[in-house]
Amino acid sequence: MESSLFRNRFHSEAPDDQKRFLEDNELPYKAISTSDFESIKDKLVQVARSLNQPSPNADSTFYKVPFEEVPELVAGRKVYIHKGQAYVPSTQLTFLVAGQFRSKLSKALVLTYRKWMSVISEEESDRLAPIVEALSSRYLGPDYSQGKIKSEVALQDMDDLAKTSFPLCMRHLFFKLREEHHLKHGGRQQLGLFLKGVGLKLEDALAFWRSEFGQKMGVERFDKEYAYNIRHNYGKEGKRTDYTPFSCNKIILSTPGVGDHHGCPYRHFSEENLRAALGSMHLGVRIVDEILEKVRNRHYQVACSLTFEATHGSQTIGINHPNQYFEQSRKILQPKVPQELANDNTETTTAS
RNA sequence: GGCGGC
DNA sequence: GCCGCCAACATA
Ligand code: SF4
C-alpha cells in the first residue's frame, strides 16, 4: 500500500526531476541521445502504438538498460529491445526504480535478486548496494508482486487442480473435454485461456489439447486445425497478444448453444443439472439449497462465492474472475512457501 | 466460432 | 480444399 505511494509520487514527478533523481542516486540508467532516438524512432512508435499509448515525440526521454533488469516490461512486450538493451520510456521508468527496492527487500524474491546480481558487474553491484540500501530504508514499501510472479503448473497436476481449485465453470469444461475428447469453440476459448492463467505453459497446453482431441480425430488434423489458435492465444502468432482469460461477467453474459459446454453453470444450467453438479462435490443439501436460492435471485457470482466458501471453509471477497477463484483456492489449499527461503537464511548478503 | 486470402 | 489472424481485461 506504500509502494504504490512511492510509485505514484515518482511517476507524477516531472521528467527532469526523475532524471535528477536517478543521477543523485547514481543509478546506472542513462537517457539515450537524440541521434540514437531518431535511429530507432519508428520501432519505439510501433511499441507505443501496440499499447495504444501516445507515440513518443521528439523530446520524450528513453532509457537504455539491460533487458534483464526489467522482466515485467520485457515479458509484457511493453518495451523495444535491441541487442540486449531495453528502451524504457520515461513513463515506465517507475518499473526500474520500484524494481530495485523490490529485488533488494522482498525475501520472497531472493532468487530474482541473485539472478540480478549475477548479471551486473562486481563493481556495479558494490557501488549499487549501499545506494539501494539507503533508498529502501527511505522508501520501504510492500512487495507488489508478492509470491510467485510466474507460477507454473505441471500437466500431471491438472486433474487434481481441476477437482480442488477450479471454479465450477472450468471444472465442468475440463471434465467434459476429458469425457468427449472435444470442445466447441466457445469452450476451447474459455477453458484454454483460463488454463493459461493458471500457469499451464504453451508446450504443455498443446500437449494437453492434442492428447484429448487427438483421440477423436488424429493428431495430424489437430495440429492442422487447432494448434495455431492455441499458440495465438498464448501470444505466439500474428499480433502476439497475451490474451487475458475471460472474466465472470463475460462468461455469464455469453449465450451457450446446444452442444456447448462453456458459460457459467450458475447462470446457464437448469436447476436439476446445477443441483447434480453441486452434489458431485460433496456438498450438503442445506448449502446447495442456499446456493440455488442465490441463483434464483440471479446472484450468480454470489452463488459461486458460496460454493467456494463451502468447499474451502474460508471467506471470499466475492468472485469476479475464474482465475481469481483459482488463485484464492490455491492460497488456501497450498500454503505458499517459496523454496528460495528454505535454503537462504544463511547468506542473504554475499557481496562484501 | 467469426473474418480474411488462394 | 489449403491456410492466417482474431478475441481479453481481475488482482494486489
Ligand atoms: S461465477 Fe465466474 S467463476 Fe464462478 S462459475 Fe460462474 S463464471 Fe465461473
Side-chain angles (χ1 to χ4, degrees), chain A residues 1-8 50-53 72 75-78 94-95 98-99 101-102 105-106 108-109 141-151 165-167 169-170 173 177 182-200 202 205 209 213 217 220-264 300-302 304-305 308 315-332 336 338:
Chain A
M1 304 101 202
E2 233 168 320
S3 81
S4 57
L5 192 153
F6 165 76
R7 176 172 295 195
N8 286 331
S50 82
L51 296 168
N52 33 45
Q53 279 180 4
E72 300 98 326
R77 296 176 186 290
K78 299 185 190 304
T94 318
F95 279 91
F101 304 149
R102 257 182 293 154
L105 292 178
S106 174
L109 289 180
D143 181 0
Y144 202 87
S145 60
Q146 55 134 307
K148 52 238 175 172
I149 291 181
K150 50 173 173 56
S151 64
S165 299
F166 282 19
C169 58
M170 300 305 172
L173 279 170
L177 168 58
H182 189 286
L183 278 187
K184 309 260 292 183
H185 182 265
R188 289 180 328 247
Q189 219 58 352
Q190 187 176 311
L191 180 61
L193 289 174
F194 169 77
L195 292 179
K196 175 168 65 97
V198 160
L200 188 65
L202 176 58
W209 291 97
F213 276 52
M217 62 180 140
E220 31 60 302
R221 181 173 166 187
F222 168 83
D223 305 309
K224 191 191 295 178
E225 317 254 21
Y226 305 92
Y228 176 92
N229 295 294
I230 294 178
R231 289 194 304 269
H232 186 272
N233 278 352
Y234 272 75
K236 299 305 181 190
E237 295 285 10
K239 200 198 338 176
R240 314 202 96 221
T241 302
D242 190 358
Y243 294 97
T244 305
F246 292 151
S247 66
C248 287
N249 214 359
K250 170 104 180 168
I251 294 172
I252 290 174
L253 291 177
S254 69
T255 60
V258 262
D260 279 330
H261 295 296
H262 65 265
C264 173
Y300 312 115
Q301 271 135 304
V302 178
C304 188
S305 297
F308 181 100
Q315 221 68 32
T316 75
I317 316 170
I319 301 299
N320 45 49
H321 195 295
N323 287 93
Q324 176 209 346
Y325 183 111
F326 176 79
E327 232 59 63
Q328 274 261 313
S329 172
R330 290 323 290 163
K331 192 165 293 183
I332 294 172
K336 96 172 190 60

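Residue numbering restarts at 1 for every chain, and letters A, B, ... go by the order of the sequence lines.
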Report, one pair per line, the protein and nucleotides 8-10 of chain C atoms (nitrogen or oxygen only) whose separation is under 3.5 Å.
| from | atom 1 | to | atom 2 | distance (Å) |
| --- | --- | --- | --- | --- |
| C:dA8 | OP1 | A:Lys250 | NZ | 2.6 |
| C:dA8 | O4' | A:Thr244 | O | 3.3 |
| C:dA8 | N3 | A:Thr244 | N | 2.8 |
| C:dA8 | N3 | A:Thr244 | OG1 | 2.8 |
| C:dC9 | OP1 | A:Ser247 | N | 3.2 |
| C:dC9 | OP1 | A:Ser247 | OG | 3.0 |
| C:dC9 | O4' | A:Thr244 | OG1 | 3.4 |
| C:dC9 | O2 | A:Thr244 | OG1 | 3.3 |
| C:dA10 | O3' | A:Asn320 | OD1 | 3.3 |

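Between A:Asp223 atom CG and C:dC2 atom P there is a gap of 14 Å when expressed in whole angstrom units. When the P atom of C:dC3 is taken as reference, atom OH of A:Tyr226 falls 14 Å away, rounded to whole Å. Taking atom CD1 on A:Ile230 and atom P on C:dG4, their separation rounds to 14 Å, with Å as the unit. Rounded to whole angstrom, the span from the NZ atom of A:Lys196 across to the C1' atom of C:dA7 amounts to 11 Å. The distance from atom NZ of A:Lys224 to atom C1' of C:dC2 is 8 Å, rounded to the nearest whole Å. The separation between A:Glu220 atom CD and C:dC2 atom P is 11 Å, rounded to whole Å. With rounding to whole Å, A:Asn233 atom CG is found 10 Å from C:dA7 atom P.
Listed by chain and residue number, nothing satisfies the ring-ring contact (aromatic ring centres under 6.0 Å, His included) test with A:Tyr234 (two or more places apart in sequence, or in another chain). A search for side chain to side chain donor-acceptor pair (under 3.5 Å) contacts involving A:His262 returns nothing, not counting sequence neighbours. Checked against side chain to side chain donor-acceptor pair (under 3.5 Å), A:Gln189 has the following partners two or more places apart in sequence or in another chain: A:Asn233. Annotation: side chain to side chain contact (heavy atoms under 4.5 Å, CB included) contacts of A:Pro245 (sequence neighbours excluded): A:Leu193, A:His321, A:Asn323. For the salt bridge (charged side-chain N to carboxylate O under 4.0 Å, His left out) test, no residue two or more places apart in sequence or in another chain qualifies with A:Lys184.
Here A:His232 does not reach the OP1 or OP2 of C:dC5: none of its side-chain N or O atoms lies under 4.0 Å away.
Judged purely by atom type and a 3.5 angstrom limit, A:Ser329 has no side-chain atom pairing as donor or acceptor with the backbone of A:Tyr325.
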Solution key, residues 221-231 of chain A side-chain donor-acceptor pairs under 3.5 Å, sequence neighbours excluded:
| from | atom 1 | to | atom 2 | distance (Å) |
| --- | --- | --- | --- | --- |
| A:Arg221 | NE | A:Glu225 | OE2 | 3.2 |
| A:Asp223 | OD1 | A:Arg210 | NH1 | 2.6 |
| A:Asn229 | ND2 | A:Glu225 | O | 3.4 |
| A:Arg231 | NE | A:Glu237 | OE2 | 2.8 |
| A:Arg231 | NH2 | A:Glu237 | OE2 | 3.1 |

Do any side-chain atoms of residues 253-260 of chain A form donor-acceptor pairs under 3.5 angstrom with protein atoms, and if so which ones, sequence neighbours left out?
| from | atom 1 | to | atom 2 | distance (Å) |
| --- | --- | --- | --- | --- |
| A:Ser254 | OG | A:Ile251 | O | 2.6 |
| A:Asp260 | OD2 | A:Gly257 | N | 2.9 |

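Between A:Phe326 and A:Phe194, the two ring planes are perpendicular [angle over 60°; tilted spans 30° to 60°].
With both ends at atom P, the span from C:dA7 to B:rG4 equals 15 Å, rounded to whole Å.
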Task: Contact state string [nucleotides 1-6 of chain B, B base, S sugar-phosphate only, - no protein heavy atom under 4.0 Å] - done: B-----
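Heavy-atom nearest nucleotides on DNA chain C were determined for A:Ile317 and for A:Arg240, and the one closer to the 5' end corresponds to A:Arg240.
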